[in-house]
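Heads up: the structure comes next, in structure tokens.
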Protein chains: 2
Amino acid sequence: MSSSRKVKAAETEAALKEAARRLFVEQGFLKTKITDITKAAGRSTGSFYEHFASKDDLLVVLLLDMHGQAHDSLAGAHPREHDLTDRAQLRTHVAVTWQVMKDNFPVMVAMRDAAAAKGAGAAELWEQLVDDTSVLKGHLDYAREQGRELPGDSTLLAAAMGGLISTLAFALMSTDDPPYSDDEVVDTITDLLLRGLRGAG
Amino acid sequence: MSSSRKVKAAETEAALKEAARRLFVEQGFLKTKITDITKAAGRSTGSFYEHFASKDDLLVVLLLDMHGQAHDSLAGAHPREHDLTDRAQLRTHVAVTWQVMKDNFPVMVAMRDAAAAKGAGAAELWEQLVDDTSVLKGHLDYAREQGRELPGDSTLLAAAMGGLISTLAFALMSTDDPPYSDDEVVDTITDLLLRGLRGAG
DNA sequence: GTCTATAAAAAGATAGAC
DNA sequence: GTCTATCTTTTTATAGAC
């Protein structure tokens, strides 16, 4: 196995990406040095630059990988007629978001760290959040068109929901000994968003 | 003015802190170099180390300043008997949290960036979030003791609420041209948490 | 394509004059 | 206490042999 030059190159690139994903979770994107990645992958410093122009470039590649997966599992065709005030449908959205974040946790961590290093300002963060929650906003707009009363602007509400989920996802996704099960978290988020604190109406 | 040696030193320290707070918002904690701070404050590199041992030490000092303020304005005596299912009381909590974050935005930004640089893992983030929302958790526990039904574990719920508020605060606190007024955001968050998406019950 | 050795860049921290 | 000039450390990136 691993005979031809081309195959060996692909193996090296895969090994580097795998090592990077693991290290990003363990110690963060910024704290992970290129030499850490090459060492973990059993490769040399120089070899890294044969595959990636920089650490940021590696992150871009990982991001593209993620988008490929996400597209397959989720974005196929997503009608905006989903009713987020229906518990089952809301729960599905929460669960899918949760799962995507879980599957791509290394990339999410790295993106967050990279944003901090870049000095991303409030404006960029807001745009990112709005973009990430555009699907939710679409559903909320549809609900309002159907005569539903919502407690605020749909963009703001969608961002609030997304912020809640992503913060909890980051905080809770320790690899070992999670304090809550996925189902418990998804159910709690769903019910909080659905009924609010006043209890089942 | 600014005569004695002691006074001049205090002025320098204040100027460094002020410059740091401004730069942390403009370009983030990590991107802000010590020489940026000294330059902005009209001081020299060497002078910085007369007042702070490092950039991290400066952040600790700013954090202590913040805690001093927060203690005065908020923590005096906070009874846990507040009813978060009462709109007015919930709104007050949301508004106070929002205001504290707004007043200390430079420090919040710096803390977030520093955590990213340190490679803070999921476990640390979760502990931090639980700590920051312990007051909310107290109220929720009290509500449950009073026979209220809540949609999940109080620690998890409090963390979810805190995550929602802090994410929006970060995203929306651009210095210029805010897309929503403070009141609008606080009202929306309050109503979302209070009633959920099902509308006024 | 991969390796070792080394250069280059960036930022933090210090020494010593004033 | 503050300044200028310099040293050290850290990490990225490249050169050249294999």
Side-chain angles (χ1 to χ4, degrees), chain A residues 1-20 22-24 26-62 109-110 113-120, chain B residues 1-20 22-24 26-62 109-110 113-120:
Chain A
M1 57 174 82
S2 71
S3 42
S4 84
R5 200 179 179 93
K6 212 169 185 175
V7 170
K8 286 196 76 171
E11 281 178 355
T12 294
E13 184 164 327
L16 289 171
K17 290 205 279 190
E18 190 185 328
R22 183 161 49 80
L23 289 170
F24 289 168
E26 287 176 12
Q27 54 187 21
F29 177 74
L30 299 175
K31 217 179 172 183
T32 300
K33 307 309 167 194
I34 289 176
T35 51
D36 294 336
I37 297 171
T38 54
K39 195 181 303 174
R43 299 307 198 291
S44 71
T45 310
S47 195
F48 179 91
Y49 292 93
E50 190 68 27
H51 299 274
F52 310 102
S54 64
K55 200 169 66 172
D56 285 326
D57 179 56
L58 164 60
L59 177 53
V60 170
V61 173
L62 291 178
V109 169
D113 291 0
K118 219 186 61 184
Chain B
M1 59 173 82
S2 73
S3 43
S4 82
R5 200 178 177 95
K6 211 169 186 175
V7 170
K8 288 196 74 172
E11 281 177 358
T12 294
E13 184 165 327
L16 289 171
K17 290 205 279 189
E18 190 186 328
R22 182 161 49 79
L23 289 169
F24 289 168
E26 286 176 14
Q27 54 187 21
F29 177 74
L30 299 174
K31 217 178 173 185
T32 300
K33 308 308 167 196
I34 289 176
T35 50
D36 294 337
I37 297 171
T38 53
K39 196 182 302 174
R43 301 305 202 288
S44 71
T45 309
S47 195
F48 179 93
Y49 291 93
E50 189 68 27
H51 298 276
F52 310 104
S54 65
K55 199 167 68 170
D56 285 327
D57 179 56
L58 164 59
L59 177 53
V60 170
V61 172
L62 291 178
V109 169
D113 292 0
K118 218 185 59 183

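Letters A, B, ... are given to chains in the order of the sequence lines, protein chains preceding strands, and every chain is numbered from 1.
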Under 4.0 angstrom between A/T12 side-chain N/O and C/dG1 OP1 or OP2:
no
Step by step, work out the side-chain hydrogen bond (donor to acceptor under 3.5 Å, both in side chains) result for A/T12 and A/R43.
CA-CA 8 Å; A/T12 294; A/R43 299 307 198 291; 3.2 Å; yes
Picking from C/dC3, D/dC3, D/dG1, which would you name as closest to the side chain of A/R43?
C/dC3
Hey, does the side chain of B/H51 come within less than 4.0 Å of D/dT2's phosphate (OP1/OP2), counting only N and O?
yes
Grab the N/O contacts between the protein and nucleotides 12-15 of chain C below 3.5 Å, and write none if there aren't any.
from	atom 1	to	atom 2	distance (Å)
C/dG12	OP2	B/I34	N	3.3
C/dA13	OP2	B/Y49	OH	3.4

Do A/L59 and A/F29 touch side chain to side chain, with heavy atoms closer than 4.5 Å?
yes
Measure from CG on A/D56 to P on D/dT11 and round the result to the nearest Å.
16 Å
Atom CG of A/D57 to atom C1' of D/dT12: distance rounded to whole Å?
14 Å
D/dG16 P sits how many Å from A/E50 CD, rounded?
16 Å
Holding to salt bridge (Lys or Arg N to Asp or Glu O under 4.0 Å), I want the full list of residues that pass it with B/E26, two or more places apart in sequence or in another chain.
B/R22
Let me know the distance between CG of A/L16 and P of C/dG1, rounded to the nearest Å.
13 Å
Once you round it to whole Å, what is the distance between P of C/dG1 and CZ of A/F52?
13 Å
